[in-house]
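Encoded as structure tokens, the structure appears first; notes follow it.
We use all heavy atoms of the structure for the numbers below, so side chains are in, but hydrogens, waters and symmetry mates are not. Sequence lines set the chain letters: A, B, ... in the order given, protein chains first and strands last, and positions in each chain run from 1.
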2 protein chains.
Amino acid sequence: MSTVRGARERARIEVTAAIKDEARKQLAAEGAAKLSLRAVARELGMASSAVYRYFPSRDELLTALIVDAYDSVGEAAEAAHRAAAAGTAGHLARWIAVTRAVRDWALARPHEYALIYGSPVPGYTAPQATVGPASRVGLVLIAVVADAHRTDGLALPPLADDLRAEAVRMVTEFAPGLPPEAAPPLIAAWAKLFGLISFEIFGQFHRVVEAREAFFREAVTEMARTVGLPADEKG
Amino acid sequence: MSTVRGARERARIEVTAAIKDEARKQLAAEGAAKLSLRAVARELGMASSAVYRYFPSRDELLTALIVDAYDSVGEAAEAAHRAAAAGTAGHLARWIAVTRAVRDWALARPHEYALIYGSPVPGYTAPQATVGPASRVGLVLIAVVADAHRTDGLALPPLADDLRAEAVRMVTEFAPGLPPEAAPPLIAAWAKLFGLISFEIFGQFHRVVEAREAFFREAVTEMARTVGLPADEKG
DNA sequence: CAAAAGCAAGAGCACTGCTCTCGTTGTTGG
DNA sequence: CCAACAACGAGAGCAGTGCTCTTGCTTTTG
């Protein structure tokens with residue numbers, strides 16, 4: 001499957017990785033707007049035209065970085081979920097652990113976060129390659145709530161009439177086994193989570209929220225309630 | 001105060017507005033990344049160097065557009081608040097009217113929305129000139145809750161210990177007259193609102209949320225509850 | 001072992017932001 | 001009133017960008 005056939009293919013993998021690494025360095029230093037293919041090539045000691053053997057355009061390079069970033073934050077969320085689920089943590093604690101992992105990831109890589117949850121830079125619609133990796137964090141949040149549903153049950157208000165069909169579609173498509181009432185609040189919580197993180201990362205909380213950690217914990221705890229998670233002792 | 005002194009000053013105002021209008025057109029057509037000072041000048045029939053008499057750099061032009069956009073969405077929120085407060089609408093209805101006005105504004109001007117609530121494009125920290133206009137939507141949300149507090153009172157859970165001091169600072173700085181318990185949920189709701197809208201505008205809800213209006217209404221109604229607004233009949 | 005395919009490099013095109021200079025035009029103080 | 005001054009528009013020019021094409025070279029493959 002992933003057997004490397006020869007020196008040429010091996011070199012291609014290494015050069016591709018080197019280009020992405022250097023691009024990430026420039027991303028962290030100057031932001032996505034100033035990321036330049038020529039500068040990447042210059043730093044790598046190769047001609048700018050050679051980079052086009054690996055990425056057909058600057059936007060394709062950015063798309064590759066976007067996919068990697070989605071995978072990275074998704075992996076962070078999944079790791080936090082695994083760690084929390086392996087221990088004695090209750091469902092609320094798992095919810096908090098996952099959301100905090102996403103926030104920590106964002107705080108550590110603000111420019112990569114901006115790349116995936118800020119304005120879509122290249123075109124206006126996200127490339128098809130990004131849709132899979134983009135859903136990983138959402139799937140982890142679903143898993144936390146699904147676990148809680150199986151063991152302790154969920155506390156949820158009834159659905160509004162004009163959302164019933166939508167909610168049924170949502171659970172059959174993304175969260176089989178979950179009651180329809182859980183879907184809209186869960187997806188809303190997913191979006192709200194990134195609202196909280198985006199405002200913090202993009203500076204909207206400057207001089208507004210100072211106790212960031214405590215504020216975030218309280219906000220996601222309240223969100224856990226809205227998705228039906230029963231309050232438990234271990235936070 | 002705003003008396004126009006002569007033909008020169010009058011012309012300056014008109015040209016400045018024309019440049020911003022043309023820039024907004026390009027923003028809507030191609031996005032902030034491809035906004036070009038030269039193209040703006042070309043479209044206006046002037047030399048590119050002449051534009052620099054009006055905006056010292058491309059980033060300054062973008063900053064002007066950002067300030068205008070903040071003012072525009074703030075004005076939309078304020079207008080919705082005025083209209084709702086003038087009628088017989090209850091506090092929940094006002095909350096929904098304001099949030100819906102913001103969402104409608106964003107749906108009508110996705111690129112301008114991306115300019116202010118997407119990744120900060122120019123540098124990494126927002127210019128000082130943007131902080132005032134940026135707070136207008138938040139102030140409207142505060143006003144809705146403050147009105148409800150005065151007339152019907154708020155239903156709020158007690159504060160966590162490590163958020164008490166922060167909450168007191170928040171109300172004294174931004175919402176005098178509001179109980180401290182209201183501040184953290186209110187600011188969180190402000191951020192969550194833009195999380196919901198951003199996910200819709202930036203395509204994250206593609207194939208996930210179909211009944212957008214109903215979904216948004218339910219989400220902001222739930223948010224109204226978390227900021228202490230009493231549920232009332234007229235929605 | 002020769003043909004084919006992948007690769008790096010350089011030149012070049014059209015574009016960008018931005019600066020500088022040089023005439024021109026509107027404003028204003030003596 | 002008109003001369004000095006400041007604002008202005010246009011053009012040339014610099015350095016940088018994304019991207020393409022051509023030219024040789026190297027690795028893979030039939």
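- When rounded to the nearest whole Å, the span between CD1 of A:Ile13 and P of C:dG6 equals 15 Å.
- Under the 30°/60° scheme for interplanar angles, the aromatic rings of B:Phe194 and B:Trp190 are found to stand perpendicular.
- Not a single salt bridge (Lys or Arg N to Asp or Glu O under 4.0 Å) links A:Arg109 to another residue, sequence neighbours left out.
- One interatomic measurement links the two molecules: CD of A:Glu14 to P of D:dT27, which rounds to 15 Å at whole-angstrom precision.
- In this structure, B:Glu30 atom CD and C:dT16 atom P are separated by 11 Å, rounded to whole Å.
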Determine all donor-acceptor pairs shorter than 3.5 Å in which one atom belongs to a side chain in residues 202-209 of chain A; sequence neighbours excluded.
residue  : atom : partner : partner atom : Å
A:Gln204 : NE2  : B:Tyr70 : OH           : 2.9

Kindly list each side-chain donor-acceptor pair under 3.5 angstrom involving residues 42-52 of chain B, sequence neighbours excluded, with atom names and distances?
none

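- As a whole-Å value, the separation of B:Leu44 CG from D:dG9 P is 11 Å.
- For the side chain to side chain donor-acceptor pair (under 3.5 Å) test, no residue two or more places apart in sequence or in another chain qualifies with B:Thr99.
- A search for side chain to side chain donor-acceptor pair (under 3.5 Å) contacts involving B:Glu200 returns B:Arg103, not counting sequence neighbours.
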Query raised in the report: Can you give one letter per nucleotide of nucleotides 7-15 of chain C, 5' to 3': B if a protein heavy atom sits under 4.0 Å from the base, S if only from the sugar-phosphate, - if neither?
Result: BBBB-B---
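- Rounded to an integer number of Å, the gap from CG of B:Leu37 to P of C:dT16 is 10 Å.
- With rounding to whole Å, B:Asp59 atom CG is found 10 Å from C:dG17 atom P.
- Between the P atom of D:dA7 and the OH atom of B:Tyr52 lies a distance of 20 Å, rounded to the nearest Å.
- Counting any heavy atom pair closer than 4.0 Å across all strands shown, A:Leu61 reaches no nucleic acid atom.
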